[in-house]
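Just so you know, ligand 1 is whichever comes first in the structure, and atom 1 is the first atom listed for that ligand. The structure presented is a predicted model; accordingly, all values stated were derived computationally and were not measured. These numbers come from the heavy atoms of this one structure, side chains and all, not from hydrogens, waters or symmetry mates. The first residue of the sequence shown is numbered 1, and numbering continues consecutively from there.
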Amino acid sequence: PIRGVIFDLDGVLTDTAEYHYRSWQRLADEEELPFDRDANEALRGVSRRESLMLIVGDRTYSEAQLHEMMERKNGYYVELIQTVSPHDLLPGALTLLEELRQAGIKTAIGSASKNARPVVEKLGIADQVDAIADGYSVEHPKPAPDLFLFAAQELGLDPGECVVFEDAAAGVEAALAAGMWAVGLGPEERVGAAHVVLPSLADMHWSAVQERVQQASH
Ligand code: BG6
Ligand code: MG
């Protein structure tokens with residue numbers, strides 16, 4: 001049976017994926033590195049360092065330069081999340097969290113971001129989840145399964161009892177590697193590897209999601 005749900009944060013519960021993109025775009029423009037919204041698709045769910053490596057490509061930078069660029073991008077991002085409020089929860093997110101609590105299903109955040117905690121607090125859902133796994137929790141980022149396994153452990157659940165909601169290819173891969181059920185949010189091209197693919201959380205009730213996941217397991 002399914003006993004827990006792990007939510008990715010950026011791009012799943014709130015649209016901070018857009019803020020990550022704008023911050024990288026600003027940095028790339030300043031550094032005159034080629035980058036656009038299309039190229040950003042590969043950065044979804046990917047750690048800060050790995051994202052920068054994808055942007056710089058085969059250009060050579062010193063560790064100090066890389067560090068400075070990561071700090072600069074994070075500064076832009078931190079600036080953008082200052083105004084995040086409960087209004088920024090994506091449609092369907094709050095209803096689903098409430099339904100899960102009603103159904104006795106445990107919930108966790110499983111985000112690669114070191115800014116996940118402040119964002120969760122600004123969204124006003126810190127008390128609605130049972131655990132938060134973030135960019136400080138494990139060493140190996142998504143697509144490694146470590147972050148989701150850590151979240152399951154915090155919930156006291158086995159991986160097979162958990163469903164992961166993800167908007168990123170790297171996140172779906174991590175969920176599958178962890179032996180969990182994966183629900184992908186977004187286009188097939190991006191999250192098609194998930195057991196169940198949905199356009200978004202809007203109008204999505206837990207009973208329907210559960211049914212879809214159970215069908216996928218037959
Ligand atoms: C993920 C985002 O949640 O966190 C990525 O999808 C981001 O875009 C990653 O790079 C790391 O975030 P941060 O806040 O630690 O730089
Ligand atoms: Mg995401």
Side-chain angles (χ1 to χ4, degrees), residues 5-28 35-56 66-82 84 88-90 92-93 96 108-123 125 129 132-148 150-151 163-176 178 180 182-187 189-194 197-201:
V5 171
I6 304 170
F7 290 95
D8 172 49
L9 178 65
D10 300 320
V12 169
L13 294 178
T14 185
D15 202 13
T16 38
E18 175 67 19
Y19 295 166
H20 279 294
Y21 160 63
R22 285 189 211 162
S23 309
W24 285 124
Q25 186 69 65
R26 186 167 165 192
L27 177 85
F35 188 65
D36 58 19
R37 206 173 264 283
D38 241 27
N40 181 66
E41 284 297 288
L43 271 57
R44 264 179 202 269
V46 170
S47 73
R48 195 182 305 174
R49 177 173 290 269
E50 193 49 38
S51 297
L52 179 61
M53 297 322 278
L54 288 171
I55 293 174
V56 302
L66 293 172
H67 190 81
E68 184 280 323
M69 287 193 277
M70 285 192 281
E71 287 285 296
R72 201 181 336 150
K73 180 270 176 179
N74 191 54
Y76 298 152
Y77 182 71
V78 167
E79 211 174 290
L80 289 173
I81 59 173
Q82 288 320 304
V84 169
D88 294 299
L89 279 165
L90 283 169
L96 189 54
I109 302 293
S111 168
S113 174
K114 291 184 168 163
N115 295 292
R117 252 168 218 283
V119 170
V120 163
E121 274 157 26
K122 285 172 193 295
L123 289 171
I125 53 167
V129 293
I132 298 177
D134 65 12
Y136 295 103
S137 302
V138 297
E139 193 183 333
H140 300 292
K142 303 171 189 178
D146 304 38
L147 185 75
F148 291 139
F150 177 89
V163 173
V164 171
F165 282 85
E166 259 294 347
D167 70 312
V172 169
E173 200 181 325
L176 297 179
M180 299 179 179
V183 176
L185 302 178
E189 307 88 81
R190 196 168 78 207
V191 293
V197 176
L198 305 172
S200 73
L201 293 180

Problem - Metal site the Mg ion (ligand 2): N/O/S of Glu166 inside 2.8 Å - result: no
Problem - Identity of the N, O or S atom of Asp10 lying closest to the Mg ion (ligand 2) - result: O
Exercise for the section: Before accepting this row, confirm whether a basic side-chain N of the pair Glu121/Arg117 lies closer than 4.0 Å to the acidic partner's carboxylate O. Expected result: no
Handout entry: Donor + acceptor pair across side chains of Asn115, Asn74 (<3.5 Å)
Key = yes
Practice task
Run the contact test for Val46 against ligand 1 with a 4.0 Å cut-off on heavy atoms, strictly below, and give the result.
Solution key: yes
Handout entry: Close approach of Ser51 to ligand 1, heavy atoms, under 4.0 angstrom
Key = yes
Problem - Closest heavy-atom pair and its distance - Ala182, Leu176 - result: CB-CD2, 3.9 Å
Exercise for the section: For Ser111 and ligand 1, answer yes if some heavy atom of the residue is under 4.0 Å from a ligand atom, otherwise no. Expected result: yes
Completion exercise
A student checking ligand 1 against Arg48 at a 4.0 Å heavy-atom cut-off should list atoms 10 (O), 11 (C), 13 (P), 14 (O), 15 (O), 16 (O)
Exercise for the section: Output yes when the distance from some N or O of ligand 1 to some N or O of Asn115 is under 3.5 Å, and no in every other case. Expected result: yes
Practice task
Identify the protein heavy atom lying closest to atom 13 (P) of ligand 1, giving its residue, its atom name and the separation to 0.1 Å.
Solution key: Ser113 OG, 3.5 Å
Practice task
Tell me, please: is Ala168 in heavy-atom contact with ligand 1, that is, under 4.0 Å?
Solution key: no
Exercise for the section: Pick whichever of Asp10, Leu9, Val78 has a heavy atom sitting closest to atom 3 (O) of ligand 1. Expected result: Asp10
Practice task
Ignoring hydrogens and angles, tell me if any N or O in the side chain of Ser137 forms a donor-acceptor pair with the backbone of Leu147 under 3.5 Å.
Solution key: no
Problem - Thr16 side chain to Tyr19 backbone, donor-acceptor under 3.5 Å - result: no
Handout entry: Min N/O separation Asp8 to ligand 1 under 3.5 Å
Key = no
Problem - Per-atom contacts, ligand 1 versus Lys114 - under 4.0 Å to a heavy atom - result: 13 (P), 14 (O), 15 (O)
Exercise for the section: Would you indicate whether Glu139, at its atom CD, is surrounded by more than 12 heavy atoms from other residues, nucleotides or ligands within a distance under 6.0 Å? Expected result: no
Practice task
Give the residue and atom name of whichever protein heavy atom lies nearest to atom 8 (O) of ligand 1, and the separation in Å to one decimal.
Solution key: His20 CG, 3.5 Å
Practice task
List the closest protein heavy-atom neighbour of atom 6 (O) of ligand 1: residue, atom name, distance to the nearest 0.1 Å.
Solution key: Gly45 N, 3.0 Å
Practice task
Might you point out which heavy atoms bring Trp24 and Leu43 nearest each other, and give the distance in Å?
Solution key: CD1-CD2, 3.7 Å
Exercise for the section: Determine yes or no for a side-chain-to-main-chain donor-acceptor pair under 3.5 angstrom, with Gln25 supplying the side chain and Phe35 the backbone. Expected result: yes
Practice task
Would you confirm whether Arg44, through its side chain, and Ala169, through its main-chain N or O, come within 3.5 Å as a donor-acceptor pair?
Solution key: no
Fill in the blank from the handout: Closest to the Mg ion (ligand 2), among the N/O/S atoms of Asp8, is atom OD2
Problem - Ile109 versus Val120, closest heavy-atom pair with distance - result: CG1-CG2, 4.0 Å
Completion exercise
For Asp167, the N, O or S atom at the shortest distance from the Mg ion (ligand 2) is OD1
